[in-house]
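Protein chains get the first letters and strands the later ones, always in sequence-line order, with residue 1 at the start of each.
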There are 2 protein chains.
Amino acid sequence: MPTDDAVRVALLLERSESLTSIQDAVRRYASGFGYDRFVLFSASASLDELVDRIYWVEGDWFGDGKAVDAKTYVRRCPVTRHILDIGEAFFWTKTLDQEGEHYRIVRKPQGPGIHGLQVPIFGPLGLEGAMSLGGEKIDASPAARLSAGLMATSAFLAARRLIEMPDRETPRVLSGRESEILAWTAAGWRQADIAATLGLSNRTVENHLRKARQRLGVATTAEAIRVAIRNGFIKG
Amino acid sequence: MPTDDAVRVALLLERSESLTSIQDAVRRYASGFGYDRFVLFSASASLDELVDRIYWVEGDWFGDGKAVDAKTYVRRCPVTRHILDIGEAFFWTKTLDQEGEHYRIVRKPQGPGIHGLQVPIFGPLGLEGAMSLGGEKIDASPAARLSAGLMATSAFLAARRLIEMPDRETPRVLSGRESEILAWTAAGWRQADIAATLGLSNRTVENHLRKARQRLGVATTAEAIRVAIRNGFIKG
DNA sequence: CAGGCAATGAGGGATTTCCCCCAATGGCCA
DNA sequence: TGGCCATTGGGGGAAATCCCTCATTGCCTG
């Protein structure tokens, strides 16, 4: 049963040192569930476009036998839009009739058409990326969903680790503590909570926040967050 | 090998219809990795009424035998503070010396002391909850980390589904005024200034901001800014 | 070795935001 | 036409943030 291997494949992916080996592992494992189309991308919904950077597109996604480039995929696949609503991996089905293609979110995809699994990957600040798997005859069991979901998550994290490697060091306008505390604030934590969690006094947290505002040249913490996100001092 | 059962246990948890059965499944499965202390809590720091809620605490985490509420737990367990940095499940170790307790994030916990695995669960809005597993002799292999992580994630989602049944979908859209005022706030304006500029009363501005926080499911305006930027409701 | 700067924390007070209610208007829709 | 919702506004009080100053420690650097 392929689900038995889920953890092993995830481990393998975690240790991968090249995108090629990630792809090989995913292809081999996912084919056991009937998938032969893949998309892997990072998403930071802050921009007008949901999709930030595409790591991998493969397969006959639109039934025209043509290779799909990243832009086309994003534009033509309405399923992508739902990853923010749903919050967990979900199955979808694409059917064809006189009027054209219809995408639907379903619990158990079956019958003719292309079916798929959409796996969003979330992090401390929300959506970070997603993997789409597609095929014509897929294993639509809950176990398959969980297993493929685990695999997809590991594949995404591994790919991102490899591709986003060139660790662009952010210009250090803010000191370490300042940006750290600003990040917690942006995550919705109050000063007192941050202080308690980091083992500091309320005063210190407050002082760091004020210093951060001064350095960023803004009046309010709310604005500091926007500016810090925009300049990459904290993740948005 | 217990990792083989990870997907099966996750499925079992997913289908659980009572907290008791979740707990039983977790106890049984996690004991195979050496865990005998558990904490399961939502840390959404948001979402209106269901803020920061402990679903399950078991085992003597702090050695004082007292009941712990969610905030206290999060504060007293220094491990929690790494959730934002790390973004994935991680091992930790607590050791004792003359000066007191020391928590450390480690790749491979071993030796004397209490060891544990911290599994954060993320969603579209960021951190939604976490599960902590602790024990004195635990399986610290990467496979165990992945397996227990999958189990913990499923346990959290199942518990939340059961405990927070009632309508937990918030329409994640802002009204015109709400996003307008949020945008001014993100630009560094104070409520009073916005009110004056837009020709409104302070109350109205305040009410719109509160409504916006509610709708975005966040606790603070600072977080609302981040989430709104991320979701494209206001420009970054 | 002095000076700068990060990190920590305090006192005390001024502002601001946040939270619980409540109510009136006007638009839209079934 | 009755219900839903956006928009507007209020009262009162609690909580949090913000602002000014000052001080200590420790690290690095010219």
Side-chain angles (χ1 to χ4, degrees), chain A residues 169-228 233-234, chain B residues 44-52 71 75 78 81 85 99 167 169-228 233-234:
Chain A
E169 72 281 346
T170 50
R172 286 182 46 84
V173 177
L174 298 179
S175 79
R177 267 311 206 207
E178 283 154 16
S179 52
E180 182 182 11
I181 288 175
L182 200 58
W184 282 104
T185 306
W189 291 55
R190 295 190 182 282
Q191 291 181 13
D193 295 325
I194 300 172
T197 305
L198 298 188
L200 303 175
S201 86
N202 291 14
R203 285 296 179 187
T204 304
V205 171
E206 185 195 327
N207 287 336
H208 282 308
L209 271 180
R210 174 146 30 84
K211 207 80 200 297
R213 285 195 300 272
Q214 280 175 5
R215 281 213 232 248
L216 295 176
V218 302
T220 66
T221 299
E223 187 183 8
I225 288 183
R226 182 183 56 80
V227 172
F233 304 146
I234 63 176
Chain B
S44 45
S46 52
L47 283 165
D48 231 5
E49 300 141 18
L50 25 118
V51 183
D52 284 337
K71 272 219 168 66
R75 286 181 180 182
R81 77 190 196 82
D85 308 333
E99 293 161 29
D167 60 352
E169 51 3 299
T170 31
R172 231 170 275 116
V173 254
L174 298 180
S175 77
R177 266 313 205 205
E178 282 153 17
S179 50
E180 184 182 10
I181 288 175
L182 200 58
W184 283 107
T185 305
W189 293 54
R190 308 218 112 97
Q191 292 181 11
D193 299 326
I194 300 171
T197 305
L198 298 186
L200 303 174
S201 85
N202 290 15
R203 282 296 177 190
T204 305
V205 172
E206 184 194 327
N207 287 336
H208 282 309
L209 272 180
R210 182 175 40 250
K211 207 80 199 296
R213 284 194 301 272
Q214 280 175 6
R215 281 215 233 250
L216 295 176
V218 302
T220 65
T221 300
E223 187 182 10
I225 302 270
R226 178 182 62 79
V227 172
F233 301 145
I234 64 176

Under-4.0 Å side-chain N/O to phosphate OP1/OP2 contact, [X] with [N]:
X: A:Q191; N: D:dT17; value: yes
X: B:S175; N: D:dT7; value: yes
X: B:R177; N: D:dT8; value: yes
X: A:T221; N: D:dT17; value: no

Value for CD (A:E206) from CD1 (A:I181), rounded to nearest 0.5 Å, stands at 11.0 Å

Would you compute the distance between atom CD of A:E180 and atom OG1 of A:T185 and round it to the nearest 0.5 angstrom? 10.5 Å

I would like to know whether A:R226 and A:V218 meet side-chain contact (heavy atoms from CB on, under 4.5 Å); could you show each step before the answer? CA-CA 10 Å; A:R226 182 183 56 80; A:V218 302; over 6 Å; no

Of all residues at least two apart in sequence or in a different chain, which pass the side-chain hydrogen bond (donor to acceptor under 3.5 Å, both in side chains) check with A:Q191? none

By side-chain hydrogen bond (donor to acceptor under 3.5 Å, both in side chains), B:T221 pairs with (sequence neighbours left out) B:R213

Determine the minimum heavy-atom distance between B:A219 and A:G188, stating which atoms define it. CB-O, 4.3 Å

Distance, rounded to the nearest Å, where [X] contributes [atom1] and [N] contributes [atom2]:
X: A:L182; N: C:dA7; atom1: CG; atom2: P; result: 13 Å
X: B:R190; N: D:dC18; atom1: CZ; atom2: P; result: 7 Å
X: B:I181; N: D:dA6; atom1: CD1; atom2: C1'; result: 12 Å
X: A:D193; N: D:dA15; atom1: CG; atom2: P; result: 14 Å
X: B:I225; N: C:dC18; atom1: CD1; atom2: C1'; result: 15 Å
X: B:I194; N: C:dT17; atom1: CD1; atom2: C1'; result: 12 Å

Under a 4.0 Å heavy-atom cutoff, the residues of residues 202-215 of chain A touching DNA chain D are A:R203, A:E206, A:R210, A:R213

Decide side-chain contact (heavy atoms from CB on, under 4.5 Å) for B:T197 and B:W189; before the verdict, give the C-alpha distance in whole Å, the side-chain angles of both, and the deciding distance to 0.1 Å. CA-CA 10 Å; B:T197 305; B:W189 293 54; 3.0 Å; yes

Just call it for A:T220: base, sugar-phosphate, or nothing, with non-hydrogen atoms closer than 4.0 Å on any strand. nothing

